[in-house]
Amino acid sequence: MRNSRLRISYNSMIVSKRVQLSFCLLLVNILAFADMSRDSVFVTDFGIVPGSRQNATPAVIRAMEACKGKENALLIFPTGRYDFWPAEGHEKVYFESNTTVNNPRRLAILIEKMHGLTLEGMNSEFVFHDRIQPLTIDHSSGITVRNFSIDWDIPLTAQGEVIAINDSCIELQINILESPFAIENGKLVFIGEGWKSEWNGAMEFERESRLIAPETGDYSCLGDSWANYVAKDLGNGKVRLVNEFKRKPALGNSLVLRHSLRDHAGIFICNSKDVKLEGVNVYHTAGLGILSQYTENISFNKVKVVPNPAKNRYLSGHDDGLHFSNCKGSIIVDNCEFAGLMDDPINVHGTSVRIMEILPGNKVLCKFMHHQSVGMEWAFAEDEIGFIENESMQTLATGRVQSFTRISDETFELQFSKPLPKGITAGDALENLSWTASVTIKNSRFRSCRARGILISTPGKVLIEDNNFESSGSAILIAGDANYWYESGAVKDVLIRNNKFMDPCLSSMYQFSEAIISICPEIPSASSGKYFHRNIRIEENEFHPFDYPILYAKSVQGLSFTGNTLERSKRFKPFHYRKSGITLEYCSKVRVKGNKAIGDVLGRKIELINTTQNELQLKGESFFTLMK
């Protein structure tokens, strides 16, 4: 009788969950069809059948054409699976920030020169094939895209489970239906739909926690000289990698096997305004997840860039999750989630360029300095430009653009409305101050990804609030440089409040990962009295550090670390070379107050480097103490 009641209870739970799921789907449908008073266009009216595995690209192009000329058009994808191939699709030249130049780009869905359009996916699966850009929004405004997923059956990153280890080799089990491969000249080469690329790097993910294995990161989970391996095909997806690997992964863990180039974004938004993304699941991309460039006012609500849970993948996007380059207005990220990325979940920055030559007539010849950020229309008439001395990273003066003239993919001329400020020379850098955004990131979850959690380089107002971080490297990096990545943007108003920094944060090392929160601009000749970042407040957060470094700050004027709670975790072994909780280098006007420690938190000391003691206020602080 008791077992009968248990079966009834269990069956009731199943029915209850099915009812809940059905209700959710019904609600999505109701919300979609509540807009029926708008001009509605169904893609299924143009010859495509959901689930048919036919190429949906030409039908969607015809449906998009039918939306043009309609006011506030609603483009509807009835629930189902839609497959997209490059054949019969658009091809356009786009110079995409932080992306390999591979023009023309191949496009599946193109929203171009449209206004007020809503793309309603009704929880459909968009599945892509070959190298292709799933969705592009270009020169459009008032655009909403919602309720669909992006994925590949054959992704442009692979994974393999570690099934055997000994002193001379590692054996992997690879799903050959998802990641077909061949052995060529002893190397592992993946073969997709119209492409082939050799394995070039690996990240190790733990089987149970799905975290990147601690103390791996960019120092390689296989150790130095891993690329000297010789691969042998054992059949049925098993491959033996013969090499005396200096580090070996754990049995049962999975290696994400990186290959291919970042040559198409998952969603590319450019030269647009007032764009909203809602309920979009990006399970995989061929490059950056969602790249926004020269766009004003963008919001993301319930957007996930995570592995597809139905496919037992550890990998999601090929690179960054949300990448913002030279945007303005407001960027809002609310209730989003990131996991399994091969680069940072969120990166916000400008693009600085170098002055190559001072020309007559208030002109300068400029050059894009990073090979993956070229060809963009970098400035427009009346834009305000900052002149940066790149050794000290100080903005010396500003000017207004009169005209922009493209010379080549790498170079362009700027003409200013007034004579150049005195002291500006070839070799100095420029940043476009008109294309900088204010940023709000809240209620979001940053699970384990390669590298950091959030990168912020913008002078706009920044709020990072009520988020949960499990980043493999630093949770938050505030950077800025005009010498290597050329990602510009000194911050002026940043509030980091009421976030939870869990113990996976800083469990591996990556570039600029100096602490859980790392303020680390690249300044070749830093000095006291010349500060790059300003006005950063870190308040009422919860930290669970297993290691020493909590905050590192370089070249900041006006920094506070107040009212935070720190609770020691012993989940991982301390390994970081920094042994202070707070390190201040070339900083001024710093206040540390009212922080509380639970347990034997390691990072109690404050280290001052080229920062005088009178620049630090410790009144009301009971935990942190100045290093003697």
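When a residue number appears, it is its place in the shown sequence, counting from 1. Quick caveat, the model's predicted, so the values are computed rather than measured.
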For S97, check side-chain contact (heavy atoms from CB on, under 4.5 Å) against everything at least two apart and list the hits.
-> L291, Q293, H323, S325, H349, T351, S373, M376
Salt bridge flag under 4.0 Å for residues R445 and E337 = yes
Are the aromatic ring centres of F77 and F126 under 6.0 angstrom apart?
-> yes
Residues which pass side-chain contact (heavy atoms from CB on, under 4.5 Å) with C520, listed by chain and number, not counting sequence neighbours = L477, F512, E514, S518, Y552
Heavy-atom pair with the smallest gap, counting every atom of N541 and R497 = OD1-C, 3.3 Å
Would you find a donor on one side and an acceptor on the other, under 3.5 Å apart, between the side chain of R534 and the backbone of K492?
-> no
Step by step, work out the side chain to side chain contact (heavy atoms under 4.5 Å, CB included) result for L365 and T411.
-> CA-CA 7 Å; L365 176 66; T411 59; 4.3 Å; yes
Side-chain donor/acceptor of T57 to backbone N/O of N55, under 3.5 Å = no
Name the one of D428, I388, V364, N390 that satisfies side-chain contact (heavy atoms from CB on, under 4.5 Å) with R354?
-> N390
Are W378 and W435 side-chain neighbours, meaning at least one heavy-atom pair lies under 4.5 Å?
-> no
With a 4.5 Å limit on heavy-atom distance, are the side chains of E522 and Y484 in contact?
-> yes
Side chains of F469 and I464 in contact at under 4.5 Å (non-hydrogen atoms) = yes
Is there a donor-acceptor pair under 3.5 Å between the side chain of T436 and the backbone N or O of L433?
-> yes
So OH of Y510 and CG of D343: to nearest 0.5 Å the spacing works out to 10.0 Å
Report yes or no: does R537 contribute a side-chain atom to a donor-acceptor pair with the main-chain N or O of V494 at less than 3.5 Å?
-> yes
Closest heavy-atom contact between E431 and T395?
-> OE2-OG1, 4.0 Å
What residues, two or more places apart in sequence or in another chain, satisfy side-chain contact (heavy atoms from CB on, under 4.5 Å) together with R62?
-> F46, P58, A59
Would you sort out whether N432 and V353 count as a side chain to side chain contact (heavy atoms under 4.5 Å, CB included), showing the intermediate values?
-> CA-CA 9 Å; N432 192 329; V353 297; over 6 Å; no
Just by distance, with hydrogens left out, do S141 and H115 show a side-chain donor and acceptor under 3.5 Å apart?
-> yes
If only atom types and distance count, is the side chain of N335 paired as donor or acceptor with the main-chain N or O of S444 below 3.5 Å?
-> no
Step by step, would you call I536 with I478 a side chain to side chain contact (heavy atoms under 4.5 Å, CB included)?
-> CA-CA 10 Å; I536 301 172; I478 300 175; 4.1 Å; yes
Quick one: CZ on F268 to OG1 on T285, what's the gap to the nearest 0.5 Å?
-> 14.0 Å
Quick one: are E465 and L495 in side-chain contact, heavy atoms under 4.5 Å?
-> no
Residues E120, L74; criterion side chain to side chain contact (heavy atoms under 4.5 Å, CB included); working and verdict = CA-CA 7 Å; E120 173 56 64; L74 178 64; 4.0 Å; yes
Determine, using ring centers only, whether F416 and F387 are less than 6.0 Å apart.
-> yes
Is the side chain of S272 donor-acceptor paired with the backbone N or O of C270 at a distance under 3.5 Å, no angle test?
-> yes
Can you see which heavy atom on A426 is nearest to which on M356, and at what distance?
-> CB-O, 3.5 Å
Could you tell me the separation between the OG atom of S555 and the CD1 atom of I519, rounded to the nearest 0.5 Å?
-> 10.5 Å
Using the benzene-type ring in the case of Trp, are the ring centres of F368 and Y486 under 6.0 Å apart?
-> no
Anything under 3.5 Å between a donor and an acceptor, one on a side chain of residues 297-306, the other on a protein residue two or more places apart or in another chain? List them.
residue, atom, partner, partner atom, Å
N297, OD1, S330, N, 3.0
N297, ND2, D274, OD1, 3.0

With a 3.5 Å cut-off and sequence neighbours excluded, list the donor-acceptor pairs that the side chains of residues 106-114 form with protein atoms.
residue, atom, partner, partner atom, Å
R106, NE, R131, O, 3.1
R106, NH2, D130, OD1, 3.1
R106, NH2, D130, OD2, 3.1
R106, NH2, R131, O, 3.1
E112, OE2, K92, NZ, 2.5

Are any of the side-chain nitrogens in D466 or K500 under 4.0 Å away from the carboxylate oxygens of its partner?
-> no
So, N98 and E487: side-chain donor and acceptor under 3.5 Å apart, yes or no?
-> yes
M64 versus L117: any side-chain heavy-atom pair under 4.5 Å?
-> yes
Taking all non-hydrogen atoms of both residues, which atom of P78 and which atom of P50 are closest, and how far apart?
-> O-CG, 4.1 Å
Test item: H129 and V127 side chains (from C-beta on) under 4.5 Å apart, heavy atoms = yes
In Å and rounded to the nearest 0.5 Å, what is the SG to CG distance from C336 to L322?
-> 6.5 Å
Is a side-chain donor or acceptor of S434 paired with a backbone partner of E384 at a separation under 3.5 angstrom?
-> yes
Any side-chain heavy atom of T398 sitting closer than 4.5 Å to one from I385?
-> no
Kindly give the heavy-atom pair with the smallest separation between Q372 and T100, and that separation in Å.
-> NE2-OG1, 3.3 Å
Taking atom types as modelled, find out whether T295 and S292 have a side-chain donor-acceptor pair closer than 3.5 angstrom.
-> no
Is it the case that more than 12 heavy atoms not belonging to E71 sit under 6.0 Å from its CD atom?
-> no
In this structure, CZ of R452 is separated from OG of S472 (nearest 0.5 Å) by 10.0 Å
How many angstroms lie between CZ in R406 and CZ in F404, if you round to the nearest 0.5 Å?
-> 7.5 Å
Is the backbone N or O of A265 less than 3.5 Å from a side-chain atom of Q133, with the two atoms forming a donor-acceptor pair by type?
-> yes
Measure across A286 and L156 and return the closest heavy-atom pair with its distance rounded to 0.1 Å.
-> CB-CD1, 3.9 Å
Under a 4.0 Å N-O cut-off, is there an ion pair linking E470 with R447?
-> no
Do E96 and R105 have side chains that get closer than 4.5 Å, going by heavy atoms?
-> yes
For R313, check salt bridge (Lys or Arg N to Asp or Glu O under 4.0 Å) against everything at least two apart and list the hits.
-> D151, E178
Verify, without hydrogens or angle tests, whether T458 (side chain) and A437 (backbone) share a donor-acceptor contact under 3.5 angstrom.
-> yes
Quick one: does R450's side chain have a donor or acceptor within less than 3.5 Å of a partner on D344's backbone?
-> no
